[in-house]
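Report on the following structure.
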Amino acid sequence: MRASKIRHLVMLSLCMPLLLLLASCGTEPKGTLTIYAGLYEDHAIKAIETFQKQTGIKVSYVRMANGEILSRIRAEREQPKASIWFGGPSDTFVQAKSEGLLSPYVSPNAAMIDPMYRDKDGYWTGIYVGSIAFVSNKTWLQEVGGEAPQSWNDLLSPAYRGMITMPDPRSSGTAYTTLATLVQLFGEDEAFRYLKRLHDQNVIYTTSGSVPGRTVGMGEVGTAVMFSHDALKFYKEGFRNIVISFPKEGTGYEIGAVGIIQGAPQEHEARLFVDWALSKQAQELGKQVGNYQLLTHRDAESPEEAFPLDRLNVISYDQDWAGRNRERLIARWTEEVLRRERTP
C-alpha cells in the first residue's frame, strides 16, 4: 500500500509540469487589435506599446495621412481589416460617419470630455486639439527683410512667391482643416478666390501635413501653413530658426479623434482601446515623446508649450459642417485651384 502510494506521488510529480503547460495553453487569449493611426508615428508607438503592456492585447498598426485612412476604410468596407481609427482631424471622421463607415460607441470615459470635442452619438471622440498656424524660417525672413506673416493676405506678397508650402487636402487632414477654415472665415466664393491667388504664388503641395514644417526648418522654403503643435515639435527637435505666427483675421483648429470602424473584426478590443485612449494617462503620453497638442480630458495636463485656443483669434470652427462638405469642397479645390494654370 505504501509502495503504491509512493508510485502515485512520483507519477503526479512527473505529470505536474505537463498539466500546468496544458492549463496555460487553455487560458483565454488576451486578444489582438489592428489600428489605422493618423497621428505622429512616435506618438502612435508610445500609445500602442503602453496599451499592450497594460492590457496584454497584441496591437498592429499602419500610420497614414487622414485622407488615406478614409480611402482605405472605404476600400475595405465589405471586409474591414482594422478596428480602430486613431488620430487625425474629426471632420474626416464626420464624413466617414455620414458614409456608414464608423460604429457608434459611447465610452464611460467620454463623460470626462467636453461635449464640444465629441460626437453626441459616439461615432468619434476627441483626444487632442490643435490650431492652424503660419510657420516661417527666421533666416529667410531676415534675407527678404520681412517679418513673420500676420495675415492670410501677407502670403500673397511677391516676396513669398515660390517660397510657400502646404499639404494637399485630398490626402491631408491638416490641409482640409485649412481649406474649411478659409471657407468658414471668408465665405466660400471669396475663399476660393483667395486660394486661386495663393496657388499662383507657386505653392509647393505635400501629401502629409507635417512635411512642410521640416522643409521650412531646413530652409528649403520660407513659410508653411500647418498645425502649430507640429511646428512646435520640429522646433523642439532642433529647428530653432522656426517662427510660429497666426493670422489676425482668424484661424481654425482640429479635434484629433478616435473611433471604431464599422464591422470591426475586433470590436471588444476596439472598445477597450477607446476607453483607454480617453483616459487622462493615455492622453498625457504624447508629450513624453515630443507632441504638443492641447488635451481634451478635463483632468489631463496639456503641454506647457501648447497654444491655448482662448489666447488665439480662432473662428467658431464647425466640425460637422466641415465634415459634411468635405468631399464637395475638395472636389472644387481640385478642379478650380489645383488644375488652374499658374499666373506667370
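Computation of the quantities below employed the complete heavy-atom set of this structure, encompassing side-chain atoms and omitting hydrogens, waters and symmetry-equivalent molecules.
Residues R193 and E190 are paired through a salt bridge, judged by an N-O separation under 4.0 Å between the basic side chain and the carboxylate. Salt-bridge annotation for D114 and R298: absent, with no side-chain N of the basic residue lying under 4.0 Å from a carboxylate O of the acidic one. Looking at E49 and K53, no side-chain N of the basic residue comes within less than 4.0 Å of a carboxylate O on the acidic one, giving no salt bridge. Residues R332 and D189 are paired through a salt bridge, judged by an N-O separation under 4.0 Å between the basic side chain and the carboxylate. Between D121 and K97 there is a salt bridge, since at least one side-chain N of the basic residue sits less than 4.0 Å from a carboxylate O of the acidic one. Remark: E68 does not engage R170 in a salt bridge, criterion side-chain N to carboxylate O under 4.0 Å.
In this structure, F192 has its ring center at least 6.0 angstrom away from the ring center of W333. F51 and W276 have their aromatic ring centers within a separation under 6.0 angstrom.
Distance alone, capped at 3.5 Å, is enough to place a donor-acceptor pair between the N137 side chain and the V216 backbone. Put simply, the side chain of S245 gets close to the backbone of P149: a donor and an acceptor are under 3.5 Å apart. With hydrogens and angles ignored, the 3.5 Å screen pairs a side-chain donor or acceptor of Q184 with a backbone N or O of D318. Distance alone, capped at 3.5 Å, is enough to place a donor-acceptor pair between the Q52 side chain and the V59 backbone. In this structure, the side chain of Y61 does not engage the main chain of F86 through any donor-acceptor pair within 3.5 Å. S171 places a side-chain N or O within 3.5 Å of a backbone atom of T207 that can act as its donor or acceptor partner. Distance alone, capped at 3.5 Å, is enough to place a donor-acceptor pair between the Q201 side chain and the L155 backbone.
Counting non-hydrogen atoms of neighbouring residues, nucleotides and ligands closer than 6.0 angstrom, the CD atom of Q150 exceeds 12 such neighbours. Atom NZ of K196 has more than 12 heavy atoms from other residues, nucleotides or ligands within 6.0 Å. Atom NZ of K58 sits in a sparse spot, with 12 or fewer heavy atoms from other residues, nucleotides or ligands closer than 6.0 Å.
A donor-acceptor contact closer than 3.5 angstrom links the side chains of S60 and T34. Between the side chains of Q293 and E254, not a single donor N or O lies within less than 3.5 Å of an accepting N or O. Residues E269 and T32 bring no donor and acceptor atom of their side chains to less than 3.5 Å of each other. No side-chain N or O of E220 forms a donor-acceptor pair with one of T215 less than 3.5 Å apart. Side-chain atoms of T92 and N66 include a donor-acceptor pair closer than 3.5 Å. Judged purely by distance below 3.5 Å, without hydrogens or angles, the side chains of H297 and Y117 never pair a donor atom with an acceptor atom. Donor-acceptor pairing under 3.5 Å is recorded for the side chains of Q283 and T296. For Q262 and Y123, the side-chain atoms include no donor-acceptor pair closer than 3.5 Å. Side-chain atoms of S90 and Q319 form a donor-acceptor pair, as typed in the model, at a separation below 3.5 Å. D230 and S210 share no side-chain donor-acceptor pair at under 3.5 Å. For the residue pair N241 / W140, no side-chain donor-acceptor distance below 3.5 Å is found, with atom types taken as modelled.
The only option from V225, V211, V221 that meets the side chain to side chain contact (heavy atoms under 4.5 Å, CB included) definition with T165 turns out to be V221. For the side-chain hydrogen bond (donor to acceptor under 3.5 Å, both in side chains) with D200, the qualifying choice from R340, R161, R342 is R340, the only one to do so.
The shortest side-chain heavy-atom distance between V274 and I84 falls under the 4.5 Å cut-off. The shortest side-chain heavy-atom distance between Q288 and K46 falls under the 4.5 Å cut-off. With contacts defined as side-chain heavy-atom distances shorter than 4.5 Å, the pair I164/N202 does not qualify. No side-chain heavy atom of Y253 sits under 4.5 Å from any side-chain heavy atom of L312. Residues W321 and D91 form no side-chain contact, since every pair of their non-hydrogen atoms from C-beta on lies 4.5 Å or further apart. Between F134 and V243 the shortest side-chain heavy-atom distance does not fall below 4.5 Å. Side-chain contact between T223 and V135 is absent, with no heavy atoms from C-beta onward closer than 4.5 Å.
With rounding to the nearest 0.5 Å, the separation of CG in L185 from CG in N313 is 8.5 Å. Atoms CG and OG1, on D168 and T174 in that order, are 11.5 Å from each other to the nearest 0.5 Å. Expressed to the nearest 0.5 Å, how far CG of L285 lies from CD1 of I48 amounts to 11.5 Å. To the nearest 0.5 Å, atoms CD (Q142) and CD (E147) are separated by 11.5 Å.
Cation-pi check for R240 over Y235 is met; the charged atom lies under 6.0 angstrom from the ring centroid and within 45 degrees of its normal. A cation-pi arrangement is not found for R214 relative to F234, the charged atom failing to lie both closer than 6.0 Å to the ring centre and inside a 45° cone about the ring normal. The cationic atom of K233 (NZ for Lys, CZ for Arg) does not lie both less than 6.0 Å from the six-membered ring centre of Y292 and within 45° of the ring axis.
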- Determine, step by step, whether H199 and L195 satisfy the side-chain contact (heavy atoms from CB on, under 4.5 Å) criterion, reporting the C-alpha distance in whole Å, the side-chain angles of both residues, the deciding distance to 0.1 Å, and the verdict. CA-CA 6 Å; H199 180 74; L195 287 164; over 6 Å; no

- N109 and S279: CA distance, side-chain angles, deciding distance, side chain to side chain donor-acceptor pair (under 3.5 Å) verdict: CA-CA 7 Å; N109 291 338; S279 69; 5.6 Å; no

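The two residues G162 and I204 come nearest to each other via the heavy atoms O-CD1, 4.2 Å. Closest approach of E267 to S103, counting heavy atoms only: OE2-OG, 4.5 Å. Nearest heavy-atom pair, S131 versus F246, reported as atom, atom and distance to 0.1 Å: OG-CE2, 3.5 Å. Across all their heavy atoms, G126 and I113 have their closest contact at O-CG2, 3.9 Å. In plain terms, the two heavy atoms of R77 and P80 that are nearest each other are O-CD, 3.7 Å. Minimum interatomic distance between S228 and A133 (heavy atoms only, all atoms of both residues): CB-CB, 3.8 Å.
In the hydrophobic cluster analysis, where Ile, Leu, Val, Met, Phe, Trp and Tyr join through side-chain heavy atoms closer than 4.5 angstrom, F273 is grouped apart from Y40. Under the 4.5 Å side-chain heavy-atom criterion for ILVMFWY residues, a single connected hydrophobic cluster contains both M163 and Y194.
Under the ring pair (Phe, Tyr, Trp, His ring centres under 6.0 Å) criterion, H229 pairs with F227, not counting sequence neighbours.
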